[in-house]
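I have placed the structure first, in the form of structure tokens, so that the comments after it can refer back to it.
Being a predicted model, the structure only gives us computed values, none of them experimental.
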Amino acid sequence: MFEVLLQQAQAQGLALRAPPPEPTTCCGRGCNGCVWEGYLDAAEYWRQEALLQIDPANF
């Protein structure tokens with residue numbers, strides 16, 4: 001998803017901020033408030049922000 005949106009933005013001459021990095025501290029125990037939950041929220045926010053900037057007519 002990140003790569004597609006970054007490529008589309010670049011094709012339209014737009015510069016998007018870097019997508020969130022994947023977490024490296026997950027313990028794998030399914031903790032309440034896992035770092036992956038925060039990452040997925042940040043990734044969705046990044047996606048929505050990117051889509052607001054990219055012209056859908058050229059997508």
Side-chain angles (χ1 to χ4, degrees):
M1 166 188 67
F2 294 143
E3 189 62 34
V4 170
L5 291 173
L6 287 168
Q7 288 175 0
Q8 188 61 36
Q10 185 179 23
Q12 293 182 24
L14 302 171
L16 301 177
R17 66 182 176 89
E22 288 190 11
T24 58
T25 58
C26 181
C27 65
R29 293 185 287 179
C31 302
N32 186 16
C34 178
V35 294
W36 284 101
E37 292 174 13
Y39 169 74
L40 293 174
D41 287 343
E44 177 59 16
Y45 182 83
W46 185 92
R47 184 186 74 82
Q48 290 178 13
E49 186 179 62
L51 289 173
L52 287 172
Q53 296 178 54
I54 294 172
D55 182 2
N58 295 321
F59 200 12

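Sorted pairs that involve residues 11-34 and meet ring-ring contact (aromatic ring centres under 6.0 Å, His included), not counting sequence neighbours, are lacking altogether. Pairs passing the side-chain hydrogen bond (donor to acceptor under 3.5 Å, both in side chains) check and including a residue from residues 17-27, sequence neighbours excluded, read R17-E49.
For the side-chain contact (heavy atoms from CB on, under 4.5 Å) test, residues two or more places apart in sequence or in another chain that qualify with F2 are P19, P20, Y39, A43, W46.
We find the CD-CD distance between Q10 and E3 to be 9.0 Å, quoted to the nearest 0.5 Å. A distance of 5.0 Å separates CG in L5 from CD1 in I54, rounded to the nearest 0.5 Å.
Between L51 and the choices R47, Q48, Q53, the side-chain contact (heavy atoms from CB on, under 4.5 Å) rule is met once, by R47.
Under the 4.5 Å side-chain heavy-atom criterion for grouping Ile, Leu, Val, Met, Phe, Trp and Tyr, L14 is not connected to Y45 through any hydrophobic cluster.
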